[in-house]
Structure formats: C-alpha cells, structure tokens
Amino acid sequence: MKENETREKTGSHTQGEASESVLNAEQSATLTRLFNNIIHKEEKAVISDDFRDISGNDMHIIEAIGIDEPRSMSAVAKDLHVTVGTLTIAINSLVKKGYVKRVRSEKDRRVVLISLMEKGKKAYRHHKEFHEAMVNAALTDLDKEQAQTLIRALTNLDDFFQTYLP
C-alpha cells in the first residue's frame with residue numbers, strides 16, 4: 001500500500017502534516033466539552049419520567065437489541081463490546097422491568113434470543129428521537145458541502161475510536 005493510502009486509512013501524518021492538523025487550545029476544549037456534554041446530557045435527556053427505572057447504559061442495550069428480529073445474546077454483547085456474562089446481568093434487570101423478553105432458540109437451544117417488549121420498543125423510539133434531534137441540531141444552518149465535511153470529520157473520529165483501543 002502506498003504511503004498516502006496508509007496515512008489516509010490510519011489517520012497518521014508525517015511531521016510536516018501534523019502541524020497543520022493540530023488543534024488550538026480553544027478547538028480542543030470545545031471538542032472535549034462536546035464529548036462530555038454528549039455523555040452527560042444524553043443520559044438526562046433519554047432517561048425521562050417514563051424511563052426512570054433504567055440507566056443510560058440500559059438504554060444503549062435496548063438500542064443494540066433493536067426493534068426488528070430477536071437477536072442472540074452473543075451478537076448484542078459483541079456489538080456492545082462486552083462479555084455475554086456482563087450483558088446477562090443487565091438483561092436480567094431489563095427482563096424484570098418489562099423491557100426485554102428472553103427465549104431459547106427453537107433451532108438451537110444453546111442460543112438465547114432477546115427482543116424488546118412494548119415498553120422496550122417505546123424506550124427505543126424515545127432514544128432514537130433524541131439521536132435524530134441531536135443530528136438535526138448539528139446540521140442546522142449547514143449547507144450540503146459543510147454537512148459533508150462534518151460527516152467526514154465525524155467518520156474520521158469514529159475510525160479513531162474503532163482503532164485506538166481495539
């Protein structure tokens with residue numbers, strides 16, 4: 001692979017390029033504040049009166065389960081980067097609270113399938129609405145080119161997180 005392609009895929013820069021991409025203190029502080037706000041404010045926003053009995057982490061488990069077909073515990077655990085044992089503890093609580101249903105697969109009794117009950121689907125939609133509002137707020141007043149630049153920057157950031165600590 002050529003050096004430019006490698007740098008493009010890994011996000012690495014040569015010494016000369018690095019100085020152009022370094023953020024100033026104000027930009028760095030803004031991004032850090034944004035990350036902190038997303039973490040803290042999202043939990044407050046999605047855990048409304050209807051969902052006081054679950055945590056932000058529970059809401060992300062509900063999101064990972066999805067509203068389509070039942071999913072295996074192992075698939076959801078993989079998506080969340082946790083062990084099946086760790087997920088089991090959270091699922092036990094969500095089952096007791098009426099958000100999630102757990103059944104054994106008819107095809108393979110070793111496989112445990114989880115799906116959202118009506119209360120879980122309501123939480124899923126509530127969380128999705130928050131994400132949609134957040135994305136709409138980020139794209140407000142941006143023209144098409146600016147929106148594409150923002151998406152490219154966020155994709156770079158996502159790539160960083162995917163490769164930083166595998």
query: Do Met73 and Ile67 belong to the same hydrophobic cluster, where Ile, Leu, Val, Met, Phe, Trp and Tyr are linked whenever their side-chain heavy atoms lie under 4.5 Å apart, directly or via other members?
result: yes

- prompt: Hey, what do you get for OH (Tyr124) to CG (Leu116), rounding to the nearest 0.5 Å?
  reply: 8.5 Å

message: Between Gln146 and Asp143 (side chain of the first, backbone of the second, donor and acceptor by atom type, cut-off under 3.5 Å), is there such a pair?
response: yes

field: Linked, directly or transitively: Val82 and Ile65 (ILVMFWY side chains, under 4.5 Å)
entry: yes

Full working for salt bridge (charged side-chain N to carboxylate O under 4.0 Å, His left out) between Glu145 and Arg152: CA-CA 10 Å; Glu145 186 177 321; Arg152 190 168 50 251; over 6 Å; no

field: Nearest atoms (heavy-atom pairs only) where Lys122 meets Asp50
entry: NZ-OD2, 3.6 Å

- request: Flag the pair Arg125 and Glu118 as a salt bridge only when some basic side-chain nitrogen lies within less than 4.0 angstrom of an acidic carboxylate oxygen.
  value: yes

- prompt: Judged by atom type as modelled, is there a donor-acceptor pair below 3.5 Å linking the side chain of Asn136 to the main-chain atoms of Glu132?
  reply: yes

task: Give a yes or no on whether Met117 and Tyr99 share a hydrophobic cluster (residues Ile, Leu, Val, Met, Phe, Trp, Tyr; joining criterion: side-chain heavy atoms under 4.5 Å apart).
output: no

- prompt: So which of Asn36, Asn37, Ile38 actually passes side chain to side chain contact (heavy atoms under 4.5 Å, CB included) with His40?
  reply: Asn36

query: How close do Asp53 and Lys119 get, heavy atom to heavy atom, and via which atoms?
result: OD2-NZ, 3.4 Å

N/O donor-acceptor pair under 3.5 Å between Arg71 side chain and Leu113 backbone: no

Main-chain N/O of Arg109 paired to Arg104 side chain as donor or acceptor, under 3.5 Å: yes

- request: For Ser93, check side-chain hydrogen bond (donor to acceptor under 3.5 Å, both in side chains) against everything at least two apart and list the hits.
  value: Lys97

message: Quick check: is Ile47 connected to Ile39 through a chain of hydrophobic side chains (ILVMFWY, heavy atoms under 4.5 Å apart)?
response: no

For His60, all residues meeting ring pair (Phe, Tyr, Trp, His ring centres under 6.0 Å), sequence neighbours excluded: His127

